[in-house]
Amino acid sequence: MQTVEEKIKALGHELPPAPPLGGIYHPTLITGNYLYVSGQGPLQSNGQLIKGKVGRDLTLEEGQLAAQQVGLTMLATIKAQLGDLGKIKRLIKTLGMVNCYPEFEEHPQTINGFSQFMVDVFGEENGKGARSAVGMSLPGNIAVEVECIFELHDHE
């Protein structure tokens, strides 16, 4: 059975470096068997963030790729904090935020880039959770930000 990192590599991706803290918060927080992950941006392996407003500066497809990149950033953050992505049992809840202008209406389609990546990595049942997708102005003009709640495997 493939590890999470092997699946990521088989999909043709690599984890970027875990982003540095950008404020007064914990990148992740565990309570019981739940892992809360603070909002993550689309950090690329070269250390650059994907920036711009989806629907004007970026196409929907580019927004979806930015959302997918957030998935990679989030897993890099989790690995840096927990040491092992195999501790993740399933995705519970996603809040996807799209940097866009008021006229843009394809927030759910943009966040599908993140959601499809989670399904590709964790499977149809464990990679799909409850979800909200909204549009707003994001800090630093990043294209997409996502926060999540994951369930962890029972402690051994």
Side-chain angles (χ1 to χ4, degrees), residues 1-22 25-52 54 58-99 106-135 138 140 142-156:
M1 192 162 150
Q2 281 185 318
T3 67
V4 173
E5 291 185 64
E6 288 169 344
K7 286 181 189 175
I8 293 167
K9 191 171 274 191
L11 290 167
H13 301 292
E14 66 176 337
L15 293 178
L21 282 179
Y25 63 91
H26 292 287
T28 65
L29 189 65
I30 297 173
T31 182
N33 279 3
Y34 294 98
L35 172 69
Y36 292 77
V37 183
S38 294
Q40 304 286 300
L43 184 66
Q44 301 172 93
S45 293
N46 65 7
Q48 299 296 310
L49 288 160
I50 300 171
K51 295 184 175 195
V54 181
L58 302 170
T59 65
L60 173 61
E61 293 74 22
E62 289 169 328
Q64 290 169 331
L65 289 173
Q68 176 182 284
Q69 190 63 41
V70 174
L72 288 160
T73 303
M74 185 171 290
L75 294 181
T77 295
I78 293 170
K79 182 179 178 193
Q81 296 294 308
L82 302 185
D84 180 9
L85 294 174
K87 294 180 180 181
I88 297 171
K89 180 177 180 179
R90 68 167 297 132
L91 175 63
I92 298 292
K93 173 73 169 94
T94 298
L95 171 59
M97 297 161 275
V98 180
N99 187 10
E106 296 179 299
H107 316 102
Q109 294 88 337
T110 304
I111 298 303
N112 280 347
F114 175 89
S115 297
Q116 185 60 58
F117 177 72
M118 288 294 141
V119 168
D120 291 345
V121 171
F122 295 105
E124 185 71 25
E125 182 62 28
N126 291 333
K128 189 186 297 182
R131 186 183 90 170
S132 300
V134 297
L138 291 174
I142 61 173
V144 178
E145 182 174 344
V146 178
E147 68 176 47
C148 285
I149 302 169
F150 290 90
E151 182 181 4
L152 300 175
H153 290 286
D154 290 329
H155 303 298
E156 328 260 291

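Here the structure is a predicted model, which is why all the values come from computation and not from measurement.
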Subject >> Side chain to side chain, Leu15 and Leu85, heavy atoms closer than 4.5 Å >> reply: yes

Original post:
Using 4.0 Å as the upper bound for N to carboxylate O, is an ion pair formed by Glu124 and Lys128?
Top reply: yes

Original post:
Looking at Gln64, Gln68, Arg131, which one forms a side-chain hydrogen bond (donor to acceptor under 3.5 Å, both in side chains) with Ser115?
Top reply: Arg131

Original post:
Is Leu91 close to Phe122 at the side-chain level, that is, under 4.5 Å between some pair of heavy atoms?
Top reply: no

Original post:
With a 4.5 Å heavy-atom cut-off, do Phe117 and Leu75 have their side chains touching?
Top reply: yes

Original post:
Are the side chains of Val54 and Asn99 in touch, meaning some heavy atoms are under 4.5 Å apart?
Top reply: no

Original post:
Any idea which heavy atoms bring Val98 and Leu138 closest together, and the distance?
Top reply: C-CD1, 4.0 Å

Original post:
Distance from Thr59 atom OG1 to Leu65 atom CG, nearest 0.5 Å?
Top reply: 7.5 Å

Original post:
Just how far is it from atom CG of Leu72 to atom CD of Glu14, taken to the nearest 0.5 Å?
Top reply: 8.5 Å

**OP:** Compare all side-chain heavy atoms of Ile50 with those of Gln44 and state whether any distance is below 4.5 angstrom.
**Re:** yes

**OP:** Taking all non-hydrogen atoms of both residues into account, name the closest pair between Ala143 and Pro42 and its distance.
**Re:** N-CG, 4.3 Å

**OP:** With the side chain counted from C-beta on, respond yes when Tyr34 and Glu151 share a heavy-atom pair under 4.5 Å apart, and no when they do not.
**Re:** yes

Original post:
Can you tell if the side chain of Thr110 reaches within under 4.5 Å of the side chain of His107, non-hydrogen atoms only?
Top reply: no

Subject >> Nearest heavy-atom neighbours spanning Cys148 and Phe114 >> reply: SG-CZ, 3.5 Å

Subject >> Euclidean distance, Gln69 CD relative to His13 NE2, rounded to 0.5 Å >> reply: 8.5 Å

Subject >> Residue that, paired with Phe150, satisfies side-chain contact (heavy atoms from CB on, under 4.5 Å) out of Lys87, Met74, Arg90, Lys93 >> reply: Met74

**OP:** Taking all heavy atoms of Ile142 and all of Gly41, pick out the closest pair and write down the distance.
**Re:** CD1-CA, 4.0 Å

Original post:
Above 12 or not: heavy atoms from other molecules or residues under 6.0 Å from CD of Gln2?
Top reply: yes

**OP:** Give a yes or no on whether Lys7 atom NZ has more than 12 heavy-atom contacts from other residues, nucleotides or ligands under 6.0 Å away.
**Re:** yes

Original post:
Where do Ala76 and Pro16 come nearest, in terms of heavy atoms and distance?
Top reply: CB-O, 3.2 Å

**OP:** Would you indicate whether Lys79, at its atom NZ, is surrounded by more than 12 heavy atoms from other residues, nucleotides or ligands within a distance under 6.0 Å?
**Re:** no

**OP:** Report yes or no: do Thr73 and Gln40 form a side-chain donor-acceptor pair below 3.5 Å?
**Re:** no

Original post:
Which pair of non-hydrogen atoms, one from Glu145 and one from Gly39, has the smallest distance, and what is that distance?
Top reply: OE2-CA, 3.4 Å

Original post:
Can you find a pair of side-chain heavy atoms, one from Ile78 and one from Ile88, that are under 4.5 Å apart?
Top reply: yes

Original post:
Could you give the distance from CG (Asn126) to CE (Met118), rounded to the nearest 0.5 Å?
Top reply: 12.5 Å

